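Okay, structure first, notes after.
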Amino acid sequence: MWCYKSLLCVCVCVQVCRSFFRECLERRKPPFGTISSAVLLMIIYTTFCDTFSNPNIELDPTSLLLVVLIIFSIQVSFMLLTFAFSTRSGSGFSPEDTVAIVFCSTHKSLTLGIPMLKIVFEGYEHLSLISVPLLIYHPSQILLGSILVPTIRSWMTSRKKSSLLLR
């Protein structure tokens, strides 16, 4: 019984403080986007430093290049596969839905992946070697996304125009 009363008290306090904090944040307008980017950059930087400063990594340049090529091909394959499934007839997805599916379904976050790797493989001496594919996948999705934006945009606008003409 005590647990429910304390939980109710916490909920009421949060609701009261919520309006105050919302007004305070709206007045001050903190740069959440910049803060988020800086935190992400620090996570990526420290992970790269941890990975490539480890003397036990034993990763030769040929293997690294091969991993990069495999990661890029996997990323492109996933994007093409999701595009094909979301654009087939009868799928019911709009062009906007297809764009969201292609980019969001293949998105993997370095900020979530690295902490999970560190938890699962805690104490493993080759942790830095295991994190290399994730370190490559994250920049590759940014690079491929920026390369594909003009093509996807033109596809989406032409698809929307043709659907408006059919109506």
Side-chain angles (χ1 to χ4, degrees), residues 21-22 25-26 28-163:
F21 284 122
R22 181 184 301 153
L25 289 175
E26 286 176 0
R28 294 180 191 252
K29 303 241 187 260
F32 287 122
T34 305
I35 293 169
S36 173
S37 296
V39 169
L40 179 62
L41 180 65
M42 289 306 298
I43 290 171
I44 293 170
Y45 175 74
T46 57
T47 304
F48 265 97
C49 289
D50 286 347
T51 299
F52 293 108
S53 67
N54 187 351
N56 298 332
I57 193 165
E58 300 173 8
L59 185 65
D60 60 301
T62 307
S63 298
L64 184 62
L65 181 64
L66 188 61
V67 169
V68 168
L69 292 175
I70 290 170
I71 296 295
F72 267 99
S73 63
I74 288 172
Q75 177 75 12
V76 169
S77 299
F78 283 161
M79 292 177 96
L80 287 173
L81 189 67
T82 56
F83 183 79
F85 277 123
S86 63
T87 57
R88 68 178 191 200
S89 62
S91 68
F93 293 117
S94 68
E96 294 89 352
D97 293 338
T98 298
V99 171
I101 290 168
V102 166
F103 286 111
C104 294
S105 67
T106 60
H107 184 78
K108 301 293 175 250
S109 174
L110 187 64
T111 56
L112 292 175
I114 293 299
M116 283 195 306
L117 279 176
K118 287 183 178 181
I119 290 169
V120 172
F121 296 102
E122 183 180 5
Y124 186 60
E125 66 182 51
H126 297 292
L127 175 64
S128 57
L129 191 60
I130 293 172
S131 64
V132 169
L134 187 58
L135 288 170
I136 294 169
Y137 192 91
H138 187 79
S140 74
Q141 69 189 8
I142 295 169
L143 180 66
L144 286 172
S146 64
I147 290 171
L148 291 175
V149 163
T151 306
I152 295 281
R153 182 185 300 138
S154 64
W155 171 83
M156 187 177 74
T157 55
S158 68
R159 194 73 178 253
K160 285 173 60 175
K161 285 180 185 177
S162 66
S163 68

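Quantities reported herein were computed from a predicted structural model and do not represent experimental measurements.
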Response to the item:
Separation between CD1 (Ile114) and CG (Leu135), nearest 0.5 Å, reads 5.0 Å

Discussion item. Distance check, rounded to the nearest 0.5 Å: Thr46 atom OG1 versus Met42 atom CE?
Written reply: 6.5 Å

Worksheet, complete the sentence: Output for pair (Leu80 CG, Ser73 OG), nearest 0.5 Å, gives 11.0 Å

Worksheet item: In this structure, which one of Ile71, Val68, Leu64 forms a side-chain contact (heavy atoms from CB on, under 4.5 Å) with Val132?
Response: Leu64

Discussion item. To the nearest 0.5 Å, what is the distance between CD1 on Ile136 and CD on Gln75?
Written reply: 12.5 Å

Worksheet item: Is there a side-chain contact between Glu96 and Lys160 (heavy atoms, below 4.5 Å)?
Response: yes

Worksheet entry | Ring geometry between Phe121 and Tyr124 (parallel below 30°, tilted from 30 to 60°, perpendicular above 60°) | tilted

Worksheet item: Backbone N or O of Thr34 within a donor-acceptor pair of the Ser37 side chain at under 3.5 Å?
Response: no

Discussion item. Checking Asp97 against Ser86 for the side chain to side chain contact (heavy atoms under 4.5 Å, CB included) test, could you report, in this order, the C-alpha distance in whole Å, the side-chain angles of both residues, the deciding distance, and whether it holds?
Written reply: CA-CA 8 Å; Asp97 293 338; Ser86 63; over 6 Å; no

Fill in: Flag, side chain of Thr98 to backbone of Thr87, donor-acceptor distance under 3.5 Å
no

Worksheet item: Out of curiosity, Ser154 OG to Arg159 CZ, how far, rounded to the nearest 0.5 Å?
Response: 12.5 Å

Discussion item. When you compare the side chain of Phe78 with that of Phe83, does any pair of heavy atoms fall below 4.5 Å?
Written reply: no

Practice prompt. Can you spot which of Leu144, Thr82, Ile152 makes a side-chain contact (heavy atoms from CB on, under 4.5 Å) with Phe103?
Written response: Ile152

Worksheet entry | Euclidean distance, Leu65 CG relative to Asp60 CG, rounded to 0.5 Å | 10.0 Å

Worksheet item: With side chains defined as the heavy atoms from C-beta onward, is the minimum distance between Leu143 and Phe72 less than 4.5 Å?
Response: yes

